[in-house]
K.L.:
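Quick one: the structure is below, and I'll ask about it shortly.
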Protein chains: 2
Amino acid sequence: MTMAKRLTIREVAAAAGVSTQTVSRVINNHPDVAPETFARVQAVIEKTGYEPNMLARGLTQGRSHVLGVVVYGLDYFGPSRVVAAIERQAAEMGYGISLNLILGTESDGVGQMLSNLRSRQVDGIIWAIPEVGDNRAWMRTHGRDLPVPVMLVGGMAGVACLPCIGIDNAAIGRLATEHLLAGGARHVGIVTGPRTWWEAEQRLQGWRETIAAAGHTVDESLIIEGDWTVDSGEQALYRMIEAHPEIDAVFASNDQMALGAIYGAHKTGRRVPEDLSVVGVDNIAEASHFWPPLTTVHQPLAEIGVMAVQVIDQMIMETPPLRRSQEVQPEVRLLEPELVVRDSSRSVRRSSIVE
Amino acid sequence: MTMAKRLTIREVAAAAGVSTQTVSRVINNHPDVAPETFARVQAVIEKTGYEPNMLARGLTQGRSHVLGVVVYGLDYFGPSRVVAAIERQAAEMGYGISLNLILGTESDGVGQMLSNLRSRQVDGIIWAIPEVGDNRAWMRTHGRDLPVPVMLVGGMAGVACLPCIGIDNAAIGRLATEHLLAGGARHVGIVTGPRTWWEAEQRLQGWRETIAAAGHTVDESLIIEGDWTVDSGEQALYRMIEAHPEIDAVFASNDQMALGAIYGAHKTGRRVPEDLSVVGVDNIAEASHFWPPLTTVHQPLAEIGVMAVQVIDQMIMETPPLRRSQEVQPEVRLLEPELVVRDSSRSVRRSSIVE
DNA sequence: CTGAAAGCGCTTACAG
DNA sequence: CTGAAAGCGCTTACAG
């Protein structure tokens, strides 16, 4: 049985005493088959364990029932959650996933990757790469040449006239900063992600808006750039303290940098949250057990993955493809983040008790 | 240009004034083509941007150049690292990846998944599912029926007569426990993973051996079962303290539970490492900035992913497939873990200074 | 409701 | 070194 030659539709047809055509109708659930015939063919299929060859099916149908997923940083929290959700939803809808990882955030090797995806005749491409540097320009140039529907996830909202789903990153910055101000903070610093990242800039933008809206002046020296790593969060805190000893709150643009900031606070003898409030972003599994437990901003990543698949499926099904012309702005959907309050930040009630 | 019909080999042939056959030779780098002809065809291909249809190629060759990867828990540290490494190595070697996620660890839905994989004519399957409960029996029963090479990753070493690559989990337990004892610990508890997991049992086994080898008696009540989550680590610590107030070291079977144990130590007023040494497993990105920084055991996960692809490629290339008969025990390779010493555990020198 | 024919885009022997 | 023919395993119109 091992390595056995696989059955073909022809053999099933012969065994059932019908044409291959009829077997095809049965396995595709076509309506026009006599119930009795259907049952007979079905019986043979079940007995023999016949499985249609998707390569052959793909060749005739001109589609592979596979979605190409291009991702950066599968090791990280966000991407891995999104990909997991995409896979589950895709499986649910009958798609396979062709996983393609990108190492750097530059557009090197992307041409090769897209070429592979086209070769494999994927039905659509989900592009889960953050907008970094010249990415946007690249997508704008090449995005429309792709012979299949493309869906942008996470970054590049409104870019290149392609549909997109992501998180409102400015809202993340606002949520975190408003919370810190509401807790009584007067000097709120921010540790950003790499400034070349669109997400990082948007979170910073939210911080700016909120600081300004509260009537404070936006001091540029309160902005320190990190690189998403724990260590960069720690170093950022030291620089911040040096420039602004009066600092009493930090918004770190992800949980790892928030952890670094908390660590730095411990090292320099600052109590969190009494001396320094800290808020992160992501709500990683560990966040609830940091010391102190981390206040952070949750992003609905699984929802994004699910929706991405639903939207692209819809695009695939639109035959003939509606002209996704420049005039019609494609849908851009941004989901709202959610604040998760824990002990690393002073809350209104708490601070009044403490003081 | 958008949604343009794709070129076929026939059109390239016509443009180059040769037969499709010759174009096929060129794109497959066959030797027997006149240099001049080769160049002419190549020029047409480059000018037109022709890309061969892998579905058609797969149909004729009987292989898809795709590897099926079945994974549990992509959200987690281990699996995401391994998958990332697999994808990179596979791309390097010309394979695409069909990603298939499993939700639970039971064998539900696995049949369906394998059926899909067969349908898609994958060249081989990399099975990165931990050995849990009846998994092993299931694999033993069905593993050999698969019509393609299968490679086990991470779990089920030596199971089902299939080749396997993983980590020596008993060595992880030994490494951690020896380190704790060397640091002067006299009462070393262990927080295990779920006892249905083979990995968890192996790490426990390493702990047992080491405790016994050091001349201590193995007290079963020092063994507390966790479920890999931070919270379970915290709860486990409380139970351990209750049963054994004299406890002075804990080996947590992953970093998250180690974090939970540290958290619980703080809560109960114990200093780490002075009162309680803690060691974890994984060396997640955050571990270096826990408070205190976590001593942990690193697993060479990327290496595992790379090797898995190399081995399965070799199996695929073996044509005709050597009889992988029951008599020949297939290769099982276990890589060695590595201890990463930080501040959460007393080291020999340190403890002598402290005391 | 069912089947014979043609074709999807390649590659594999087989001639020359 | 090159090409005409057949075929991979399906599905798509088209008859009946």
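Side chains are part of it too, since the values below use all heavy atoms of this structure and drop only hydrogens, waters and symmetry mates.
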K.L.:
Any side-chain heavy atom of A:Glu92 sitting closer than 4.5 Å to one from A:Val309?
P.N.:
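Side-chain contact under 4.5 Å: no.
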K.L.:
Tell me whether B:Ser80 contacts the main-chain N or O of B:Asp75 through its side chain, where contact means a donor paired with an acceptor under 3.5 Å.
P.N.:
no
K.L.:
Rounded to whole Å, please give me the gap between CD1 in A:Ile9 and P in D:dG7.
P.N.:
18 Å
K.L.:
Just one of B:Leu74, B:Val71, B:Val110 clears the side chain to side chain contact (heavy atoms under 4.5 Å, CB included) bar with B:Ile102, so which one?
P.N.:
B:Val110
K.L.:
Keeping the roles fixed (side chain from A:Glu11, backbone from A:Thr8), state whether a donor-acceptor pair exists under 3.5 Å.
P.N.:
yes
K.L.:
Do the side-chain N or O atoms of B:Thr22 get closer than 4.0 angstrom to the phosphate oxygens (OP1, OP2) of D:dG3?
P.N.:
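Yes, within the criterion.
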K.L.:
What is the distance from CD of B:Glu36 to P of D:dT2, rounded to the nearest Å?
P.N.:
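Answer to the nearest Å: 8 Å.
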K.L.:
The side chain of A:Thr8 lies closest to which of these nucleotides: C:dC10, D:dG3, D:dG9?
P.N.:
D:dG9
K.L.:
Considering only side-chain heavy atoms of B:Ile27, which listed nucleotide, C:dG3, C:dT11, D:dG3, is closest?
P.N.:
C:dT11
K.L.:
Would you mind telling me which residue lines up with the more 5' stretch of DNA chain D, A:Arg10 or A:Val23, judged by nearest nucleotide?
P.N.:
A:Arg10
K.L.:
More 5' along DNA chain C: B:Gln21 or B:Glu51, using each one's nearest nucleotide?
P.N.:
B:Glu51
K.L.:
Should stems be defined as at least three consecutive Watson-Crick or G-U pairs with both distances under 3.5 angstrom, which of them involve DNA chain D?
P.N.:
C:1-3 with D:14-16, C:5-12 with D:5-12, C:14-16 with D:1-3
K.L.:
Quick check for you: among C:dC10, C:dT2, D:dG9, whose closest atom lies nearest to any side-chain atom of B:Arg57?
P.N.:
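Taking heavy atoms from C-beta onward, the closest nucleotide is C:dC10.
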K.L.:
Answer yes or no: is there a donor N or O on one side and an acceptor on the other, between the side chain of B:Arg6 and the main chain of B:Glu51, under 3.5 Å?
P.N.:
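A pair under 3.5 Å: no.
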K.L.:
Nearest to the B:Pro52 side chain among D:dC8, C:dC10, D:dT2, which nucleotide is it?
P.N.:
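That would be C:dC10.
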K.L.:
Which residue, B:Leu67, B:Ile125, B:Val69, B:Val66, forms the side chain to side chain contact (heavy atoms under 4.5 Å, CB included) with B:Leu117?
P.N.:
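Testing B:Leu117 for a side chain to side chain contact (heavy atoms under 4.5 Å, CB included) against B:Leu67, B:Ile125, B:Val69, B:Val66 leaves exactly one candidate, B:Ile125.
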K.L.:
Could you give the CZ-to-P distance, from B:Arg118 to D:dG9, as a whole number of Å?
P.N.:
17 Å
K.L.:
Would one find a side-chain N or O of A:Thr60 under 4.0 angstrom from OP1 or OP2 of D:dT12?
P.N.:
no
K.L.:
Donor-acceptor pair, B:Arg40 side chain versus B:Ala16 backbone, under 3.5 Å?
P.N.:
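Yes: the side chain of B:Arg40 pairs with the backbone of B:Ala16.
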K.L.:
Counting side-chain heavy atoms from CB outward, which of D:dT11, C:dT11, C:dG3 is closest to A:Ser19?
P.N.:
C:dG3
K.L.:
Tell me the interatomic distance from A:Gln121, atom CD, to C:dC8, atom P, rounded to whole angstroms.
P.N.:
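From A:Gln121 CD to C:dC8 P: 14 Å.
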K.L.:
Mapping A:Gln61 and A:Leu55 to their closest nucleotides on DNA chain D, which lands nearer the 5' end?
P.N.:
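Closest to the 5' end, via its nearest nucleotide, is A:Leu55.
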K.L.:
Using whole Å, report how far CG of A:Leu7 lies from P of D:dG9.
P.N.:
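Computing the A:Leu7:CG to D:dG9:P distance gives 11 Å.
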K.L.:
Please report the distance, rounded to the nearest Å, between CD in A:Glu11 and C1' in D:dC10.
P.N.:
13 Å
K.L.:
Mind listing the closest non-hydrogen atom pair of B:Arg120 and A:Tyr95 along with its distance?
P.N.:
NH2-C, 3.8 Å
K.L.:
Tell me if the side-chain of A:Arg6 makes a donor-acceptor pair with the base of D:dG9, cut-off 3.5 Å, by modelled atom types.
P.N.:
no
K.L.:
If I take atom CG in residue B:Asn28 and atom P in nucleotide C:dT12, what distance separates them, rounded to the nearest angstrom?
P.N.:
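Rounded to the whole Å, the gap is 7 Å.
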K.L.:
Across the strands shown, which category fits B:Asn53 at heavy-atom distances under 4.0 angstrom: base, sugar-phosphate, nothing?
P.N.:
sugar-phosphate
K.L.:
D:dC14 C1' sits how many Å from A:Asp32 CG, rounded?
P.N.:
14 Å
K.L.:
For a quick check of understanding: with a heavy-atom distance under 4.0 Å over all strands, which category does A:Tyr50 fall into, base, sugar-phosphate or nothing?
P.N.:
sugar-phosphate
